[in-house]
Amino acid sequence: MDMDEFQEMYASESREHLDILNDALLTLENDPENMEMVNESFRAAHTLKGMAGTMGFDQVSELAHAMENILDELRNGEIAVTTEVINLLFRAVDNLELLSSDPDQVEDLEGLIKELRNYTGDDTELSTGNQETSASSNNDYFSLDQDELEMVEDTPGETVIIKVILESDCVFKSLRADMVFDALEELGELIKANPSIDDIREEKLDEEFQVLFLTKESKETLSDALSNISEVDTIEIEVVEDLDDLSIQQESTGAEQEDESTIDGAKDKDSKSKKKSKTQSLSSRLRSSSTIKVDVDRLDSLMNLVAELVIKRTQVESVARSYDLDDLEKKLKPLSKVTTDLQDAVMEMRMVPISMVFNRFPRLVRDLAQDLEKDINLKIEGEETELDRTIIDEIGDPLVHLIRNSIDHGIEPPAEREEKDKPREGLVKLSAFHEGNNVVIQIEDDGAGIDPDVIEEKAIDKGVASPSEIENMSDQEIINLIFAPGFSTNEEVSDVSGRGVGMDVVKNKLDSLNGSIDIKSEVGKGSTFTMKLPLTLSIIQGFLTTVADQKYVIPLESIQEIVDVQPEDIQTIRQEQVIHRRGSVIPLISLRNKLGKEDDFEEEEISTVIVEIANDYYGLMVDSIIGQQEVVIKRINDLSENIEKIAGGAILGDGSIALILNVEEITIG
Amino acid sequence: MSEDTQQMIIFDIGNEKFGIKITRVHEIIRMKEITELPDSSEYFAGIVNRRGDIVSVVDLRKRFGLEEIVETDNTRIIIIDFQGKDVGLIVDGVSEVLHINEADIDDPPQSMVGIKDDYLQGIVKVDEDIVIILDLDNLLESKEEIELDKEKQGNE
C-alpha cells in the first residue's frame, strides 16, 4: 500500500466521521438534552483528531482538538447547548471538511481556533487528559464477564493470549490489526482484544495490542500465520493455564470500567450496549461486519467488462442466426441467461441508497432557514431507495438547487404565512421511490407556489419568450419556461439561489442522465418538482429502427406502441401532420427530416413509433423497424456541440454502430 | 538516442507534411465505416467502432477547408489522446516515423500555408521537406474556420 492509498483511506474515513458530526450536532440542536449526541460528536472529533495526527495533518488535528474541548464542556454541563455554540461547531465542521477537500477555501483557521478556545472559557486541556485515560485504560489483562468466561470454558481447545507488537513506524495500525484478526479468524475463536476492538478500529492503539484467543492449533502455526503480516514486529504467545486468573481480573476491573464509562459520560447507554454485545464473541462481531469498501472505479471497470460481454454475446448470437446454427443458438440461451444475471448482480453492487445524498440536506436546510429567517420542517421519505452510484454522484447539485429554490422562493416568511392562515413552519418534503424502471425523486413544498403571471412577465422581460408566443401557452407551459436558459425568477439575485446556475442547468443535468423533470404548482398552495431517473445508465432496452440506412435505437421506456400508419390516415392540422389514435391527436415527426436526411421515403405503410414525453404523445416515423434489443450505451465524445439529438452510441452484433435517440430533444419544436 | 530527440509520426494532408509526437498517438488504423451524427459541425466526421469503443473522428481535410477526396488505400485514422479521451484524425496517409532533434524545431512563423500560428507548435526541415507540427489541442478545441492555402498547394 502506498501513501496515495492511505490518503484515500483517510479521505473516505474522515468523510464518515464528518457526516456523524453533522448529524449528531443537528440532532443535538433540536434536542439539547441528548447527551448521547454530545458523546457521539466527541468521539467523532476525537477520531478525526487521531487520524489527522497519524497523517501529519496538524491543522485538522488542532481544529478537531478545539472542538473536543467545547464538546467536553457541553457534556460536563459547563456550557449550555445554544444556537451560538452549535453554529460555531458547525463552522468548525465545515472547515474540517474544506481542509480535506478544498484547502484554499478555508477561512482564517487560527481565528476560528481562538474563537473555539475562547468559548471554552480558558486554556483547558481537559480532553487531552481524557484521551489519555481512555486510550491507556488498556491494561495488561483481559476483563471477562460471566458470559465470556462460560464461552471460554465451553469451547474445546486452548486459551492463549497473543501479544502483537507492530513496527514503530507502522502507518495504519488498525489496518494491520485487522489483518491479524483476519488471520486468526481462520485458526480459532477470538474472544477479546485489548484495547477493545472498537478502539483498535478507531486507531486508538499504540504499537502493541493483545488478543485472547481460543484455538486447537499449536503455537507455531499461530506465529507462522501472523509473522507473514507486514509491519508486524514481534508476536508473543502465552497459553493461559488457569481460567480463574481471568475471572479474578474481571472483578478487579469492574470498578475501572465504571470509571471509564463515567468519563465517557453516558454510563447507562454504554453499559446497556455492552450488555447486549456480551453474548456475542468477538469473532462473530467481526464476521457480522463482513462488508468491504470497493473503489467505484473498480466497479466501473467491472461494469464495462460485463457490458463488453453482452456485446460479444450478441455478436455470437447474430452469427448463429445468420448461419441458422440451431445447436449453437440452443447452447447460447443459457449463456445469455448467465450474462443477464451477471449484469444484474453487478448493477446491484453499484446500487447505493439515496440517503447518501439526502443526508446532506438536514444541515443545508437548517443553515438556509437560519439565513433567511424562515421556519422550515424538512421531511425525508424513502431515503433507503437505491440508485446507481454514478447517478447518485450526479444528482446532488440539482437537488441542492431545487431545495434552495423551495426555501428561498417557495416558503414564505413566517409572518406572511400566518396572515395566509398557514402554519408558521413551512414544510419541505423530500421523497424518493421506485416506479417501474425509474426512480422518482420529489421535492414538495407548501409555499407560495409559482404564479404563471409572474413567470410570463419575467419571461418577456428576459426575452425568453415573446408576448405572442406566450399568448398561445397554457399555464403549465408558461411555468415550464423557468427551465429555459437565461431565466431566474428572483427579483434580485439572492445569496441563496443566485449562484449562477439556473433551472436550465438542472434540466440539462437530468437530460444528460436520461432523466426528466416536471413541475406541478398551485398559487398559494405550493409546488412539487418531480424528477424521474433511470435506475441505471449503461444498458437499456430499445427498439432498433432504420432511418436512411442508419440504425437508431429508440429507448423502450418512452415507447407507447408501434403502429403502421396508412397514408390516408394522416391529416394535416395547422400545417402539421397528425394521426388520430384512441381519441387523441398525435403529431407525426419524420425522423429523416429531424436528422437532416433526405425526406424522400415512399412506402405503402409508414412504420411509426409512438412515444410519450411529459404526458404528450408523438409519432416518430422511421423507414423500418428491426426489433427490440438490449444495447450498451457508449458515450460519444462531444467534439461537436450540436449532437443533443443523440444520447449515445451502441455497438451492434455485426460491429456497426447504432445511434441512441434522445427522444425528448427530438420532440422539441 | 539522446534525450532531446523525439519520435514523430509524419502524415500527409493535401501536399503538406505534418508531424505529431508519437507519445500522443495511441494507434493508427485503416479507414473504417464512419457513422455520421446529425447536426454536427462539418469537419466532425462522426464516430467509429474501435474494438467495441466509440471514438469520435475529425476529418482534417475538411478542417483545413480542402475539398473532399475519395478515400484511398493510404487513408488512415490516427487515434490520439485529446484531453484524456481518444479522438481519431483522418489523414490522407501516414508516411514515416522520424527521430527529430528538439534543437532542429524552429518556432512557427506567423502563418504557414494559411494556418495561423495559434495552431502551430513549430516547423522542422527534413531533407527538402518542411514538416509542420500542429498544436492539436488548439486545433481541435477551436471552431474557427481554417483555409489551407491552395495556391501554395499547387506550387509544391
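Letters A, B, ... mirror the listed sequences (proteins, then strands); counts begin at 1. We use all heavy atoms of the structure for the numbers below, so side chains are in, but hydrogens, waters and symmetry mates are not.
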Which region of [X], side chain (C-beta onward) or backbone (N, CA, C, O), has a non-hydrogen atom less than 4.5 Å from a non-hydrogen atom of chain B, or is it both or neither?
| X | answer |
| --- | --- |
| A/Leu659 | side chain |
| A/Ile657 | both |
| A/Ala658 | neither |

Sort B/Val58 into side chain, backbone, both or neither according to what part of it lies under 4.5 angstrom from a heavy atom of chain A. side chain
Tell me whether the count of non-hydrogen atoms from other residues, nucleotides or ligands lying under 6.0 Å of CD in A/Glu598 goes above 12. no
If we define contacts as heavy-atom pairs under 4.5 Å, which of A/Lys597, A/Gln550, A/Lys312, A/Lys551 has the most with chain B? A/Gln550
Looking only at the aromatic ring of each residue, does the gap between the centers of B/Phe64 and B/Phe18 stay below 6.0 angstrom? yes
Could you tell me whether A/Glu317 and A/Arg313 make a salt bridge, using a distance below 4.0 angstrom between a side-chain N and a carboxylate O? yes
If I compare all heavy atoms of B/His26 with all of B/Asp81, which pair ends up nearest, and what's the gap? NE2-CB, 3.6 Å
Closest non-hydrogen contact found for B/Val55 with B/Asp86 is CG1-O, 3.7 Å
